[in-house]
Amino acid sequence: MKKSKILNSAVLALTILGLVFAIGTADEEGESPSFEQPILITSIGQSPGAMMAKVLAKRVELEFVFEPTATAEQLEEMDVNTVVAVVGASGKGLGAAGLDIDDEISRVNELICKANELEIPLIVMHIEGAQRRGDMSNQLINKFVPESYYIIVQKSGNDDGLFTQLSDENDIPIKQVEKAAGAAPILDELID
Amino acid sequence: MKFKGTKYSAIGLLSLSLLLSFFAGRSFLEMRNPKPIFAGPDVKEVKHLSDYAPVLAGTPEDPRVYVMEGEQKGGTVFILGGTHPNEPAGFLSAVTIVENATLERGRLIVIPRANPSGFTHTQPLEGSPQFFSVKTPKGTRSFRFGSRRTNPIHQWPDPNVYVNKEGQKLAGFEIRNLNRSYPGDKRGYLTEKLAYGIMELIRKEKPQISFDLHESSPEYPVTNAIVAHEKSMELATMAKLNLDLLDIDMKLESSPANLRGISHREWGERTTTNPILLETPNPSQGRLRGETTADLIVEGKDKYYLSAANKGLLFTDYTEKGLPLELRVAQHLQTVEEILSVFSSSNPEKAVSFKKIPDLSKLNEKGLGPFLTGIN
C-alpha cells in the first residue's frame, strides 16, 4: 500500500515536472508554426536584400521561388509553403520595379492577407545592417514585422532595438546574426 | 596721405602683375601635363581608346588603355578608373592594378584616366587643390586632382538642358559628365564621343565583367556600395556576402532602370558585359567639408564630417582617423578581387584571377606608397 502511494506520488510529480518543462519550452520558443519548403522569397521595399536571401537559400539548398514583387494573385498560383520576405527600402530598387512606397505597401499588404488566408507562414528578414535603416525602411519594418511568425535580423540593423521591441510586443521569436551569411544556417534549421 | 603715380611706379606695378601672371599661368598650365602611369609586369600592350573609336584620335579625350595578360587563358575583365577625376580612389585603384597586379588567368583591360580632359582642370568654386601627393619609399609622388566634368576649354558652351541619347533630361552642365553620356554618340559632343569610345571597347573586347570605379560624398546614401545591373546583381550579392566576412561593409544597390546615361545601366543594356559600379566615401568631394586641402584628399580627416558623423548624418562610419585614401583603394581592390573570385569559381573556363594584387591586408600593413613607386 505504501509502495503504491509512493509510486503514485512519483508519477504525479513527474507529470507536473513534465508539464512545467513543456510550458517553459513553449514560452521560450514562442508559438512559431512549422515552416516548410518550397519557399517564396520576396522583398518588402525592393532593396537587394531579397537577392541576398536568394543566394543564402541556394547555399543551403532550399527549394524556392524568387519573386521580389510577388503579388497576392501570384501567391495563389504558387506551390509554396512559407513566405520569406526581406525588408529594406531602396529608392533605386522601387524605381527599377516601377513602384512607389505606397504601391509597395499596398502590394505587401495584399500578399500577407493572402498568405494568412492560405495559412502560409511568414518569416521576415532584415540582413543589410544599419545602412538599410532609414525613415522609409522603418515605416515598412513597423508595419510588416508584426505580421510575421519569425524574425531574422543582422545585429547592426537592430542597434536601436526596434526589432527586439517588435518581437517582444508581438510575441514573435527572433534570431540575431552578426553577418548576413549567418542567416543561411538559421533558414536551413528553421525550414523543413 | 596721397600716392602720386609716376611712370616708374606704373612700370613697377605692370612688371609685378606680369610676374604674377607668369607664375599663375605656369601653375594653371601645369594641370594639363598628365602625370605618368608606369606599366607593370603584366602589361602586354598600351593602346589608346582611339584604337577602338578612331573619332577620338587627336582629341583631348583619347585615354590610354592598358592590356594585361595572365599566364593562362581565361576570360576578359574591363576596369575603368578616373571617370570623375575628383574621386581619387577610383583612379588610384586602377593605377595600382596597372603598376602592380600580376595575373594568373585571363586578360584585364584597364583605363585609369577615363576622362583625361577632366584631369586638366578643377571644378570652379570648389577650392580644390590641383595636386595631391602620396609618400613612397622612393620619394613623394604627385597626382592630379581634377574635376567631375570635361574641361570647358575642350567642350563649350553647355546647353541649358542636356537631353542625352536615351532621352534623359539633365542639367546643362551634365553634358560634360562622362557618367551621364552613355551610350555616347560618335557625332555628338566631345564627352559623348568619349562615352561612345568606351562602349566600342566593351563591344569589341567583350569583357565578361566591367567595373566603373567611383567615390561619393559620405552624406550620400549610395556610398560604400556596389551598384549592379540586374544581370550582375547575383554575382555582386555573392561577393558582398564574402566581403561581409572580411569586415568590408559594401552594401548593394540596384541600377535604376529609369535613370539613363549611366555606365551600369547602358553597358548592361547594350553589351554582353556584366556591369558593376563601386563607390567609396570621399570627404574631399562632399558638401559638408571644410577647407579642401591635399591632406584632406589623402587622409580624409575633416572636423565638420566628424561632427556630422556624431549627429548620425553620414552613411558611413567616420571617426577621428578619417577615411584615408589607402583604405578606400583597398576597399575597391578587395571588392574587385572578390567579384572576380566568385565569377571565376562558377565560370572556370572564363576565369580571370590575380596572382598578386595589393589587397586589404597588404595596404593596411604597408600603406599605398610602396605600391606607387613608379617602377617601369
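Chain letters run A, B, ... following the sequence lines, proteins first and then strands; every chain starts at 1.
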A:Asn138 side chain to A:Arg133 side chain, donor-acceptor N/O pair below 3.5 angstrom | yes
Check whether any side-chain heavy atom of B:Glu266 lies under 4.5 Å from a side-chain heavy atom of B:Glu166, and answer yes or no.
->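 A side-chain contact under 4.5 Å exists here.
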Sub-4.5 Å side-chain heavy-atom contact between B:Tyr318 and B:Leu323 | yes
For B:Ser255, is it the side chain, the backbone, both or neither that has a heavy atom under 4.5 Å from a heavy atom of chain A?
->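 Just the backbone, heavy atoms under 4.5 Å.
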Side chain / backbone / both / neither for B:Asn258 at chain A, heavy atoms under 4.5 Å | side chain
Check each of A:Glu77, A:Glu76, A:Glu73 against A:Lys114 using the salt bridge (charged side-chain N to carboxylate O under 4.0 Å, His left out) test, and report the only one that passes.
-> A:Glu76
So which part of A:Ser47 gets closer than 4.5 Å to some heavy atom of chain B, the side chain, the backbone, both or neither?
-> neither
Go through B:Met238, B:Glu230, B:Glu234 and name the one with the most non-hydrogen pairs under 4.5 angstrom from chain A.
->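 Greatest number of close heavy-atom pairs with chain A: B:Glu234.
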Residue selection (most heavy-atom pairs with chain B, distance under 4.5 Å) from A:Gln131, A:Arg132, A:Lys179 | A:Gln131
Taking A:Lys54, A:Met52, A:Glu178 one by one, which has the highest count of heavy-atom pairs under 4.5 Å against chain B?
->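 Looking at each of A:Lys54, A:Met52, A:Glu178 in turn, A:Met52 comes out on top.
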The single option from A:Ile152, A:Ile191, A:Val60 passing side chain to side chain contact (heavy atoms under 4.5 Å, CB included) against A:Ile186 | A:Ile152
